[in-house]
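Side-chain atoms are counted along with the backbone in the values below, which use heavy atoms only and exclude waters and symmetry mates. Every chain is numbered from 1 and lettered A, B, ... according to where its sequence line falls, protein lines coming before strand lines.
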Amino acid sequence: MQPELKIVVSNEAAAPQPPPAPPEQVEMPFAVVNGEPVTQLPRDLYIPPQALEVFLEAFEGPLDLLLYLIRRQNLDVLDIPLAEITRQYMKYIELMQDLQLELAGEYLVMAATLAEIKSRMLLPRAAAVDDAEEDPRAELVRRLQEYERFKRAAENLDALPRLERDVWSASAVLTDRKVVRLVPPVTLQEMIIAFRDVVARSEMFAHHHVQREPLSVRARMTDIVASLGGGGFVDFVQLFRPEEGRMGVAVTFIAILELVREGLIDIVQQEPFAPLHVRAAAARQLTADAPDPESRQ
Amino acid sequence: MSDAYRRNVVEAALLAAGRSLQLSDLAQVFTLEERPSDAQLLATLEELAALYADRALELAHTASGWRVQVRSDYATQIARLWPERPARYSRALLETLALIAYRQPITRGEIEQVRGVAVNPNIIKTLLERNWIRVIGTRDVPGRPEVLGTTAEFLDYFGLQKLEQLPPLAELRALAEFNLQLELADPSTAQLADGTSDG
Amino acid sequence: MSDAYRRNVVEAALLAAGRSLQLSDLAQVFTLEERPSDAQLLATLEELAALYADRALELAHTASGWRVQVRSDYATQIARLWPERPARYSRALLETLALIAYRQPITRGEIEQVRGVAVNPNIIKTLLERNWIRVIGTRDVPGRPEVLGTTAEFLDYFGLQKLEQLPPLAELRALAEFNLQLELADPSTAQLADGTSDG
């Protein structure tokens with residue numbers, strides 16, 4: 001005629017109840033279990049029946065319940081009066097079973113563990129104890145301590161100033177949030193491949209003969225044209241940078257010749273043997289004495 | 001570019017974002033010519049913090065960067081803006097979260113070992129949904145259980161820059177260090193149980 | 001209750017809300033004993049507005065109440081916090097840029113001759129805006145076409161000290177013979193940034 005025992009995992013996601021205050025009720029019969037009034041419970045175990053479930057739900061498992069029993073007596077985990085704590089623990093378990101409360105399996109496992117420790121501690125021991133042999137309580141104490149650390153860590157975590165409870169991110173409204181476009185990235189490789197392809201294609205169609213001046217000459221051509229941007233005459237000699245050495249001078253010279261050939265610059269000499277001057281070909285049209293009919297319109 | 005201008009832009013950026021910004025995010029708000037160095041930005045942030053000294057605001061440095069926040073001294077007043085109370089988390093959730101935070105990478109089985117009860121799957125689900133924890137891999141043991149760790153968002157939420165700023169864990173003491181009062185066994189057992197501390 | 005305290009609470013409420021609040025919302029944040037009248041709240045809001053006078057922030061009164069917002073002069077700058085993912089340049093743009101780099105100084109007509117198709121004016125515009133190319137002059141032929149060349153910024157962007165560091169054409173031909181499969185953008189996913197189709 002044993003009450004049926006249901007083993008379930010308690011619903012931990014349910015809203016927690018505040019930890020139970022040590023019960024201080026006066027003794028009175030509170031339940032009839034299996035036809036017998038339950039009056040044998042220790043005074044400090046008494047809990048109104050409707051509150052018992054709530055009380056048990058407040059525990060996060062057998063370790064938590066054990067810690068409660070130990071702390072209630074102002075004892076240290078390292079100082080467990082094992083017999084007494086085991087007795088109290090068993091009372092709770094029996095009570096829960098008698099009242100057919102749903103009980104997590106872990107509580108029963110702990111009950112078995114406590115019983116085992118108790119029996120081991122009751123065994124007579126030899127006077128010369130092997131140092132390697134552990135106190136039977138050691139593993140339990142270790143687990144209780146470890147659990148208690150994290151129980152406290154959880155409390156500390158809960159006490160940290162938390163967003164949306166203790167502090168709030170400050171934010172202001174940004175009304176016209178314009179879309180900012182980032183410029184697309186280009187790799188050197190992409191550009192080089194594009195050049196290779198366009199050259200290959202142009203040779204295929206033979207539309208245009210791509211010149212073969214080295215890049216140093218092309219770069220110098222750009223520099224020279226850009227330096228003549230003002231439109232005025234520049235001394236031919238000033239285009240050369242002697243510090244670049246013979247090679248640099250040669251590059252500049254080829255660049256100037258190429259620019260003349262492409263009609264990008266003019267070289268002017270006022271009279272034989274006079275200094276040479278250079279200007280951008282485009283500047284020619286801007287001078288009044290050499291009007292270009294095309295630029296008039 | 002004046003310091004005041006830079007400070008204004010940084011403040012506006014932080015408030016427009018409404019969340020933590022990295023120094024690189026802040027730098028990006030400036031044009032290339034105006035762009036301050038990290039050292040300059042830090043100086044600007046310091047200025048901003050000083051500006052908030054007698055206000056309800058403060059500058060917080062968390063895992064994902066810097067943010068402006070309302071001080072906790074004003075929490076009671078500000079909480080009244082929202083009729084519903086802020087979410088309270090169950091002890092089970094907080095204990096699970098604490099284990100993941102302090103013991104990561106950790107499996108569910110390992111959490112259950114310490115807590116002595118099964119981990120409710122809803123708790124893990126809630127923590128994952130809040131983006132406080134994530135699966136960082138699997139352990140190479142039979143069943144290949146998932147290994148959990150915390151995220152930068154977890155640190156942000158609790159106002160921390162890094163895990164090392166979590167409150168320290170209580171120390172474990174060895175059973176032998178304690179003056180055991182054994183009520184059942186004979187006194188010789190009192191000298192046992194060395195090395196029960198696992199640090 | 002000091003004015004400064006009231007102003008701090010109002011500011012904190014507006015910034016914590018991050019949206020417009022009515023006077024009644026603001027009043028509700030205070031305890032009954034502290035609760036200011038509407039007139040007092042308006043005075044506080046005015047104080048707050050004055051506080052923002054030399055900041056990038058402003059207090060705005062909209063239909064739904066009062067809010068703190070970023071001044072519109074700073075909006076563009078702050079919007080850089082949320083950049084749109086950059087699009088990719090078209091093949092036509094890259095070829096045009098490559099031709100300007102390798103064959104500079106070059107006119108648009110010459111680019112068209114080599115590529116066999118007209119150059120979309122948007123391409124030149126984009127390249128000019130990016131400051132990668134510049135008009136270095138005009139050629140003295142009918143129509144006086146502009147002559148294009150690359151800039152120092154172009155070299156900087158591609159990590160070059162001088163143009164000669166570009167691989168010469170002969171080398172590129174050799175590469176082509178190996179028929180290298182070089183990673184290029186997948187045209188199906190790329191949105192063309194210069195608004196031109198491939199030429």
_Sub-4.5 Å heavy-atom contacts with chain B: which residues of residues 17-24 of chain C show up?_
C/Ala17, C/Leu21
_Given heavy-atom pairs under 4.5 angstrom as the criterion, report whether the side chain, backbone, both or neither of C/Leu51 touches chain B._
side chain
_Qualifying side chain to side chain donor-acceptor pair (under 3.5 Å) pairs, either residue in residues 136-147 of chain B, two or more places apart_ = B/Glu110-B/Arg139, B/Thr138-B/Arg144, B/Asp140-B/Arg144
*Taking heavy atoms only and a threshold strictly under 4.5 Å, list by residue number the residues of residues 150-169 of chain B that touch chain C; give 'none' if the list is empty.*
none
*Proximal component of C/Glu11, with respect to chain B [non-hydrogen, under 4.5 Å]*: side chain
*Taking non-hydrogen atoms and a cut-off under 4.5 angstrom, which of residues 61-82 of chain B neighbour chain C?*
B/Val70, B/Tyr74, B/Gln77, B/Ile78, B/Arg80, B/Leu81, B/Trp82
*Who wins among C/Leu15, C/Asn8, C/Val9 for the most heavy-atom pairs under 4.5 Å with chain B?*
C/Asn8
